[in-house]
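This report refers to the structure that appears directly beneath it.
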Amino acid sequence: MSNGTTRKHNALPKARILVEALPWLTRHHGKTVVIKFGGNAMVDEELKAAFAQDVVFLRHAGLKPVVVHGGGPQISAALDRHGIVSEFKAGLRVTTEDAMDVVRMVLAGQVQRELVGLLNQHGPLAVGLTGEDAHTMTATKHLPEIDGEPVDIGRVGEITAIDTGAIEALLADGRIPVVSSIARSQDDGHVYNVNADTAAAALAAALGAETLMVLTDVEGLYEDWPHSDEVISRLTASQLEKLLPELSSGMVPKMQGCLHAVRGGVRTARVIDGRVQHSILLEIFTDEGIGTMVVPDEQEGDAS
Ligand SMILES: Nc1ncnc2c1ncn2[C@@H]1O[C@H](COP(=O)(O)OP(=O)(O)O)[C@@H](O)[C@H]1O
Ligand SMILES: CC(=O)N[C@@H](CCC(=O)OP(=O)(O)O)C(=O)O
């Protein structure tokens, strides 16, 4: 074979792979995709770099990615250094006033900066903001119910309003917004800690996003966690609603968020394994996806 023929031969599988992605890319062209990057998937340097490549790929393929990031493990480590003990109730961090200063510093000053830096290695694309900026997210104090009783867990916020103006302006300018899950309250002027899954879901609904992708540190929603590793690959909003009371820890805000998103008009909400390199692109290249997909009731059998 001539050199040219060998090169063509070697490149053909790559061309096929690109063509395989074409239906997905066509369907999603111009659509907004909100991607939640979890703190647990964020501890590995290679994973973070691959995540940035995937997001930039989506942007260049004509989608409008919006990144909402977590930082649970990073916040816990920083609180530890400040001698503040981390405690969670109903899957949410009990956040004192002092802890809130640390949460804000870590999310906006450390984790967000790092992600913006990684994305911007590929061009002048990413712009970081928190929910405080341009009133993107407004919150009120959240009192989760535990055993039927409302419990005070400090400066933890529940989103009451979203102003998508700043994010939409950035998207229209071809940028990739990177949002930290912090919101200001109009009631008392304080800054509140919002769970990043909740923030991503609320933003996805408010933006009228096509898809919410939640990257985490498990394969998806396990049917009988922690006893089995059977992943539920697809479920409707109603099926998820029935399952919610049985869920525990970090999966609670994640799946509540997915439900909120699809009920709010998002076509699919997916929980995918952020420990797998290029999990976002893998999700695109497989028809049924690699994790758990939540679809609105009326769309059963239709979404992909
Ligand atoms: N049914 C379930 N399926 C999968 N994981 C579950 C389930 N119930 C609870 N979990 C726990 O939820 C965790 C994911 O939530 P979390 O730690 O908050 O992740 P992240 O940092 O990505 O937001 C998993 O690592 C697992 O320990
Ligand atoms: C109220 C609440 O729990 N806020 C979270 C915010 C960060 C987050 O959600 O990070 P992950 O996505 O990495 O879990 C926290 O303080 O850990």
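Each ligand, and each atom within it, is numbered from 1 in the order the structure gives.
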Just need the protein heavy atom nearest to [atom], so name the residue and atom and give the distance.
{"atom": "atom 9 (O) of ligand 2", "value": "Ala196 N, 3.0 Å"}
{"atom": "atom 18 (O) of ligand 1", "value": "Gly250 CA, 3.4 Å"}
{"atom": "atom 3 (O) of ligand 2", "value": "Arg93 N, 2.9 Å"}
{"atom": "atom 20 (P) of ligand 1", "value": "Lys254 NZ, 3.4 Å"}
{"atom": "atom 10 (N) of ligand 1", "value": "Met251 CG, 3.5 Å"}
{"atom": "atom 13 (O) of ligand 2", "value": "Gly39 N, 2.7 Å"}
{"atom": "atom 11 (C) of ligand 1", "value": "Ser249 OG, 3.5 Å"}
{"atom": "atom 8 (N) of ligand 1", "value": "Trp225 CE3, 3.2 Å"}
{"atom": "atom 17 (O) of ligand 1", "value": "Asn40 ND2, 3.2 Å"}
{"atom": "atom 25 (O) of ligand 1", "value": "Asp217 OD1, 2.8 Å"}
{"atom": "atom 1 (N) of ligand 1", "value": "Tyr222 O, 3.1 Å"}

query = Of the options Asp188, Asp187, Asp152, which is the one that meets Lys141 in a salt bridge (Lys or Arg N to Asp or Glu O under 4.0 Å)?
reply = Asp152
Answer with side chain, backbone, both or neither: which part of [X] has a heavy atom less than 4.0 angstrom from an atom of ligand 2?
{"X": "His69", "result": "neither"}
{"X": "Asn193", "result": "both"}
{"X": "Val103", "result": "neither"}
{"X": "Asn195", "result": "both"}

task = Examine the proximity of ligand 1 to Glu223 and report which part, side chain or backbone, both or neither, has a heavy atom under 4.0 Å away.
result = neither
Between [X] and [Y] (side chain of the first, backbone of the second, donor and acceptor by atom type, cut-off under 3.5 Å), is there such a pair?
{"X": "Gln74", "Y": "Val111", "answer": "no"}
{"X": "Gln239", "Y": "Thr236", "answer": "yes"}
{"X": "Asn195", "Y": "Thr198", "answer": "yes"}
{"X": "Arg267", "Y": "Val262", "answer": "no"}
{"X": "Asp173", "Y": "Arg175", "answer": "no"}
{"X": "Asn120", "Y": "Leu125", "answer": "yes"}
{"X": "Thr292", "Y": "Leu221", "answer": "yes"}
{"X": "Lys14", "Y": "Asn10", "answer": "no"}
{"X": "Arg93", "Y": "Val103", "answer": "no"}
{"X": "His29", "Y": "Leu25", "answer": "no"}

task = Report yes if the side chains of His69 and Leu107 come closer than 4.5 Å at any heavy-atom pair, otherwise no.
result = yes
query = Just wondering, do Thr96 and Arg155 contact through their side chains at under 4.5 Å, heavy atoms?
reply = no
ask   = Contact between Met42 and ligand 1, counting heavy atoms under 4.0 Å?
value = no
key: contact_flag Gly220 ligand 1 heavy-atom lt 4.0 Å   = yes
Less than 3.5 Å between some nitrogen or oxygen of [X] and one of ligand 2, yes or no?
{"X": "Lys36", "value": "yes"}
{"X": "Gly72", "value": "yes"}
{"X": "Gly71", "value": "yes"}
{"X": "Thr95", "value": "no"}

remark   = Exactly one candidate in Glu132, Gln112, Gln110 meets side-chain hydrogen bond (donor to acceptor under 3.5 Å, both in side chains) with Ser180; the answer is Gln112
Against ligand 2, does [X] come closer than 4.0 Å with any heavy atom?
{"X": "Gly250", "answer": "no"}
{"X": "Asp197", "answer": "no"}
{"X": "Val194", "answer": "yes"}

task = Kindly check if the number of other-residue, nucleotide or ligand heavy atoms within 6.0 Å of NE2 (His122) is above 12?
result = yes
If the cut-off is 4.0 Å to any non-hydrogen atom of [X], which atoms of ligand 1 fall inside it?
{"X": "Gly38", "value": "22 (O)"}
{"X": "Lys36", "value": "23 (O)"}
{"X": "Leu221", "value": "1 (N), 2 (C), 3 (N)"}
{"X": "Thr216", "value": "14 (C), 19 (O), 20 (P), 22 (O)"}
{"X": "Val218", "value": "4 (C), 5 (N), 24 (C), 25 (O)"}
{"X": "Ser248", "value": "8 (N), 9 (C)"}

request  = Provide the number and element of each atom of ligand 2 under 4.0 Å from a heavy atom of Gly70.
outcome  = 8 (C), 10 (O), 11 (P), 12 (O), 13 (O)
ask   = With a 4.0 Å cut-off, would you call Asp54 and Arg59 a salt bridge?
value = no
message = Salt bridge check, Glu219 against Arg275: does any charged N sit closer than 4.0 Å to a carboxylate O?
response = no
Side-chain H-bond candidate by donor/acceptor type, Asp273 with Ser279, under 3.5 Å = no
